[in-house]
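Right, one structure below, let's go through it.
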Amino acid sequence: MSRIEKAKGFKHSKPGLWLSIGTSAFGAVTIAKDVKKARTENDTLKLINALVGAAALITGTALLVRELRQLGDDDVLLG
């Protein structure tokens with residue numbers, strides 16, 4: 001198996017999914033800062049942008065969690 005194939009397989013492994021969820025947590029910190037800054041500046045457009053980003057982050061994280069659960073369901077040792 002080549003390095004590229006291994007890297008693609010890591011993305012859909014449990015450690016890869018956990019890493020993606022962790023990366024999303026860092027994104028949440030950035031979005032929280034953006035929301036705070038937009039409120040401080042009373043900038044509605046920046047606030048909307050930050051909230052749309054938050055919605056995308058939540059949706060992406062939910063998809064990752066679902067995929068992680070599906071991996072768990074496929075595990076014969078889990079029952």
Side chains of residues 47-66: which donor-acceptor pairs under 3.5 Å do they make with residues two or more places apart or in other chains?
unit_1 : atom_1 : unit_2 : atom_2 : d
T59    : OG1    : A55    : O      : 2.9
T61    : OG1    : L57    : O      : 2.8

Could you name each residue pair satisfying salt bridge (charged side-chain N to carboxylate O under 4.0 Å, His left out) that touches residues 40-60, not counting sequence neighbours?
E41-K46
Remaining members of hydrophobic cluster (4.5 Å side-chain criterion), L45:
none
side-chain hydrogen bond (donor to acceptor under 3.5 Å, both in side chains): pairs with one or both residues in residues 24-35, sequence neighbours excluded:
none
Distance-minimising heavy-atom pair for K14 and L68
CG-CD1, 3.9 Å
Would you give the length of the straight line joining atom CZ of R69 to atom CG of L17, rounded to the nearest 0.5 angstrom?
12.5 Å
Could you list the residues that satisfy side-chain hydrogen bond (donor to acceptor under 3.5 Å, both in side chains) with K36, not counting sequence neighbours?
none
